[in-house]
Every structure is written in structure tokens, then in C-alpha cells.
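Working notes, structure below.
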There are 2 protein chains.
Amino acid sequence: MKLYDMTLAPNPRRVRIFLAEKGVSLDMPQVDIAKGENHSPDYRAINPRGVVPTLVLDDGSILDESVAICRYIEGLHPEPNLMGRDPLEMARIESWQRRIEFDGLFTVAGVFRNEAPHLAGRAVQGDAPSTPQSPEMAARCRTLLPHFLAMLDRRLGESAYIAGDRITIADITTLVTVDFAKWVKVRVPEEHANTRRWYAEVSARPSAKA
Amino acid sequence: MKLYDMTLAPNPRRVRIFLAEKGVSLDMPQVDIAKGENHSPDYRAINPRGVVPTLVLDDGSILDESVAICRYIEGLHPEPNLMGRDPLEMARIESWQRRIEFDGLFTVAGVFRNEAPHLAGRAVQGDAPSTPQSPEMAARCRTLLPHFLAMLDRRLGESAYIAGDRITIADITTLVTVDFAKWVKVRVPEEHANTRRWYAEVSARPSAKA
């Protein structure tokens, strides 16, 4: 089993942090997205969609969706638990993890993919048709981010971690989102004391450097 | 336990079909989104975000994210299995279910929310700030849908159902997506025989009327 990875990109980082929290190490060949290696014939032979991260199983089949990769790892290595121990906890964690993705991670990506000069003509990832960047979309996402960050600070005022009293996949997605937001020059406001308390703790864990 | 529902909307339909496949019936109070009931003080007291579906548990706490609600129901009522029996199958189903969501359901929603006259100023759902519709975004999503439908037809040429040889949550998300696309006048092309074979079968199941 090996994980095709790209150190700088946010989605592979989610999986690396998840693996580090589990204490699992995998062979992780690097794919240089900036050089377009993910669209090379060699990489397309591994994953026709050209996305990272991609987990290649021992039978050669792949999983190329970050949360699905985490779900598989959770099943193989149940401890420490990061996705819930019973149906209700699993549902609560998934609910938070998806809310952070939809309102946070995807919104940051909506700014980044529609603004970054090297993504001109590739505003939609994967094997989508060439798509021009949309300044209207980038502007909308920039308008929504303060709303997301305010929600995050309220949540972390009522809960030690995103989905409850221990670290879960929802915290990993949030950490990656907050760090990714810096790429588009959006930062947690000084007055968001709850988020700053949480960020200081979660970003100091060894897994955050994975 | 009860499920706040809105018959016409795609996300509540996902949960209703899931429940019907499980043979589970719940009290389902209706929330009239067209009349803005989801933003009324009464409904906001139940769910401050004003979204449906919302599952209210017996302790009054809520789950308001469709796939998380399904995950909880799957845990309470494991048979028939719709989300996977072992770690790899769970991961494969989740991978497909998310791909259909991101490339299909959210893309249809990107057209609908940015075009529907009654959503002017509310292009982003939930408790997001008032957001103007983006014709640029609607146009982009319209351009991407044929790519999604072509992928779908290829997939259904190699597999009886979306995620393998039996119906799963991924088929439910796909059925809802294909029907939702009709709202924006996008239909499965006549020549997509694989999708048409699958659609005829899945839409004829009693659950499709739930």
C-alpha cells in the first residue's frame, strides 16, 4: 500500500495528519502538482483523474478521495479513534467534518482556485474540462469566509474540540482549512480567542508537521 | 426521533429514500422552504441554521447534515446495508458517494441556486449572509454537467450500481442528482444507455417515491 502525496497541498495533508495521529507510516511517493506531474502519462496510468492524494492498494486498485482514505485507515487501525465509536458519535463527527469542509475548506479553495495565477484555465480540479477562473466566485468566497471563522470561534467557545471533547477528523480538516486560508491571506482574527486557544494546541501536536 | 422534511428538496429526499430502503418510518413534519418557513423563529428554535433535513433526537439535540443522518440510521438499522460492510467497501462507497456529490449534486445546485428567481439574494444556503446570485457560477456549472453525466455513463457501463454490485447510498445520491438536474433542464442524453438502464431500475424501486 502506498500513498501518492504532495507535501504542500491541503487534501494530502489531511491524510498525512490522520496517519500520523494513528501512528501509521506508509510509503509516500511525491507528485509535483506545480510542475503538472499529476497530469503526466505516468501518473494518469496510476490515477486517470490526476488527483492527489491517491492510495494504491496491494492489488493495484486505488482510493483517491481524502475522507474515504481516512475511513479505510480508521477501519484497519481503529485506535486512536478519530471518526467515532458508536452510531451517534460517528454521525456527529461526520456532520462537523462535512460542515467544516463545505463552509470552510471548499470556500478557501474557491478563492484559491479562482485567483492563483498558475491555475488559470484550471479552476476546477481533477479531470474536469479546462475552466476559466471566476473573479465573481473568488469574491463571493472571500465574503463568506468571515462568517465561517465567526461560526468556528463560537463552536470552539462551547466545545474543547470541533466535534466534542477529543481530537477527531473534524479537527484535522479544520487545521488544514485554517492553514490553507493563509495562502489567500485570510487569517483568524486576533479577537477569536477560542479558535486561537484551539489552534495553538492542535498545531503543536507532532501530527501537524506530518 | 423526528425528521423535519421538505418533500420537494433534494437533500431531504436522499434521507427519505435511505429510510425507505431500510424500512424505517419516522414522524416527518414538513417545512415549507418556498414560503421561508425554514427561516421562521419557530424553526430557528429547532435548528438555528434553518436547513432541512434536520433529525431531532429524543434528547432534543439535532443532526442536520444528510449523510451524517444516514450514517446514524445505518448504525441503528444495519440491514439492508447501504454504506459498506468492511473497511474497504465502506471506503469505496464513501468515495463514490462524495464524487457524485461534488461533481454532480453540488454542480446542479450551483446552477439552481444561482438562477432560480426565488433564491435571488440567497445563493448560499443555510445561515450564510445574503449572497447575490452569480450568472458566471451558474454558467460554469452548466458547462461541467455534461462531463459529469459522461463519467456517470462510463461508470455504469462497468458496474451494475454506482459503487459495485448492489444498491448503496451512492445510488441514492445519484438518483436524486439526476432528478434534481431536470429542475435546471439538464437531462441524461438518449445515447447514455448505461445510465438509462440503471435509472429505469433504481427509479422503479418503491423507495424512489419516498
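So you know, we letter chains A, B, ... as the sequences are listed, proteins then strands, and number each from 1. Computed from heavy atoms alone, side chains included, the values below leave out hydrogens, waters and symmetry copies.
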Would you mind telling me which of G75(B), S66(B), A91(B) has the largest number of heavy-atom pairs within less than 4.5 Å of chain A? A91(B)
Select, from D103(A), T131(A), V67(A), L76(A), the one with the greatest count of heavy-atom pairs under 4.5 Å involving chain B. V67(A)
Counting only non-hydrogen atoms closer than 4.5 Å, does S95(B) touch chain A with its backbone (N, CA, C, O), its side chain (CB onward), both, or neither? both
For Q97(A), which atoms come within 4.5 Å of any heavy atom of chain B: side chain, backbone, both, or neither? side chain
Given that the side chain runs from C-beta out, which part of L57(B) has a heavy atom under 4.5 Å from chain A: side chain, backbone, both or neither? side chain
Going by distance alone, is a donor N or O of one side chain under 3.5 Å from an acceptor N or O of the other, for R140(A) and N114(A)? no
Honestly, the part of L55(A) sitting under 4.5 Å from a heavy atom of chain B is neither
About how many Å separate NE2 of H192(A) and CZ of R154(A), when rounded to the nearest 0.5 Å? 9.0 Å
Interatomic distance, F102(A) atom CZ to E65(B) atom CD [nearest 0.5 angstrom]: 5.5 Å
Based on non-hydrogen pairs under 4.5 Å, which of T143(A), L88(A), V124(A) is most in contact with chain B? L88(A)
Applying a strict 4.5 Å limit to non-hydrogen atoms, the region of P135(B) in contact with chain A is both
To the nearest 0.5 Å, atom CD1 of I167(A) lies from atom CG of L82(A) at 7.5 Å
Donor-acceptor pair between D171(A) and W198(A) side chains, under 3.5 angstrom: yes
Less than 4.5 Å to any heavy atom of chain B: does that hold for the side chain of R99(A), its backbone, both, or neither? side chain
Atom pair CZ/CD1 of R98(B) and I100(B) - distance to nearest 0.5 Å: 13.0 Å
Are a donor atom and an acceptor atom from the side chains of D153(A) and T195(A) found within less than 3.5 Å of each other? yes
Taking E101(B) as the fixed residue, which of V176(B), T173(B), T174(B) is the one that meets the side chain to side chain contact (heavy atoms under 4.5 Å, CB included) rule? T173(B)
With chain A, which of P129(B), C70(B), P146(B), A123(B) has the greatest number of heavy-atom pairs at distances under 4.5 Å? P129(B)
Contact origin within L144(A) toward chain B - heavy atom pairs under 4.5 Å: side chain
For D27(B) and Y4(B), which I'm curious about, is there any donor-acceptor pair between the side chains at under 3.5 Å? no
Is F106(A) close to chain B through its backbone or its side chain, or both, or neither, when contacts mean heavy atoms under 4.5 Å? side chain
Heavy-atom proximity to chain B below 4.5 Å, by part of D86(A): neither
